[in-house]
Amino acid sequence: MKLYNSLTKKIEEIELLKPGVVTMYSCGPTVYWRMHVGNLRAYAEWDILHRAFLYLGYDVRRVMNFTDVGHMTDDDDFGEDKIEQAASEKGKNPTEIANYYIKTVIEDFYKMNYLSPNGEVVKPNTDIHELGKYGWARATEYIDQIIDFVKKIEENGFTYETAQALYFDISKYNDYDRMFKQNLDEKKVGAREEVEVDPQKKNPADFVLWMKKVGKYEKHIMAWDSPWGVGFPGWHIECSAMSCDILGEKFDIHTGGIDHIPIHHTNERAQNFGAYKHEVVKYWVHNEFIRTPKDEKLSKSKGNALTLDEIIQGGIDSMDLRYHYISVNYRVPLQFNWEALKGSRRARLSLLKKISDLNSDGNGGSLLNNYVERFEDLLKDNLNMSGVFALISELLKSDEKPENIVQTILDFDRVLGLKIYENLKTKEELPKEVEELLKKREVARKEEDFEKSDSLRDEIEKYGFKVLDTSEGQKVERI
Ligand SMILES: [Zn+2]
């Protein structure tokens, strides 16, 4: 596998620390709002990477986090804690807010057919306390490990303490800006508020490892005891501590959005070095953003920071959005507007129609090895997804046997995750009873008789089918 490493700024052949096993950490969401289309893109790209490794026969050990404390507004040391801010706005406590939004992440992952870090698609009603089993790590459940990690950095002499916080001293790490060259003096501009909050902070680019529950943060609700007093961890230290605790002091791949490069990942890398005096992550891999026509930043006020549910209400299926994300390489800025989404929808439906027109569900077919090999080569080539879709078009036009074509495409769908089989028109007929129940349920839904529609759903389940309500109406899947 070749990937673009943001640290060396080159496409590199991935050499795993342990042959056959991929260790990977993906920066996960800060759980204070419903993810928008920009957040969702990142997880689509790393889902493809995860699935590609599995397809190629690797064992994948992956971790993704939920940040539920310490992530400040504007990524500023002295902003407001995003979770606590959302909690006070909504009159809830921070745990309630985090729990609520963690559930929405799992729901969105399910609808988008994203693997959880352990390689399963987790069902939306899964108990929130069970998510650790699926490879999710929640920051507030790792406070002890975070404190231990900070202690290592402190013992190695990379920190200093003020009345307000414990800081990482970037002057102690001369390789600090290797991933992102920056004029550190410029960071002094706009740091006025910092001076007010903590006049003892030496360099504006130094960053908080542990914030004390004093001064501006006297009323911070989430706080723990520590060697530096009662307080809470900084956002960057959480990812360093959780990744190393679970994956070890060296691991292969760290993913995130390009916005993480200048601060979050630069700081993570510094902390890792502070704790272990060596590079922890071999390959830093980042996805590009989605772009709006006017190149505006996604924001609620501009109405372009749409959530998945808003996209679905607009007549776009979650699989259309998935298709939109995965049809290009992770380093390509992706156009995002309704027209582009409709284009992806048409492309996906046309792909499904071409497959359905072959009148085979792949049964009895065999894999076309020459196509499989080319597919694998395209994946290994820095996830050449436009190449993958071109290959599929070529395969559909070929004069191979229909059942072999379909069988091969369904095999590719283990990586694409577009649920092609479930959407094929030619697949097995539904039992008559299920057809009848679906019709009745359609009527009940139109009449907004949800009690009846739920009981019909339960009846359908007894036949071994699960009903999904999508923008295209009811769909059934085998349980
Ligand atoms: Zn992170």
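Just so you know, ligand 1 is whichever comes first in the structure, and atom 1 is the first atom listed for that ligand.
The Zn ion (ligand 1) has C27 SG, C239 SG, H264 NE2 as protein N, O or S atoms under 2.8 Å away.
Note on E89 versus K92: no salt bridge recorded, every NZ/NE/NH1/NH2 to OD/OE distance being 4.0 Å or above. Between D198 and K201, no side-chain nitrogen of the basic residue sits less than 4.0 Å from a carboxylate oxygen of the acidic one, so the salt-bridge criterion is not met.
When the salt bridge (charged side-chain N to carboxylate O under 4.0 Å, His left out) test is applied to K466, the partners found at least two apart in sequence or on another chain are E477. Listed by chain and residue number, R34, K111 satisfy the salt bridge (charged side-chain N to carboxylate O under 4.0 Å, His left out) test with D309 (two or more places apart in sequence, or in another chain).
Geometrically, K202 engages Y160 in a cation-pi contact, judged by NZ or CZ lying under 6.0 Å from the ring centre and within 45° of the ring axis.
For residues 51-61, the salt bridge (charged side-chain N to carboxylate O under 4.0 Å, His left out) pairs, not counting sequence neighbours, are D47-R51.
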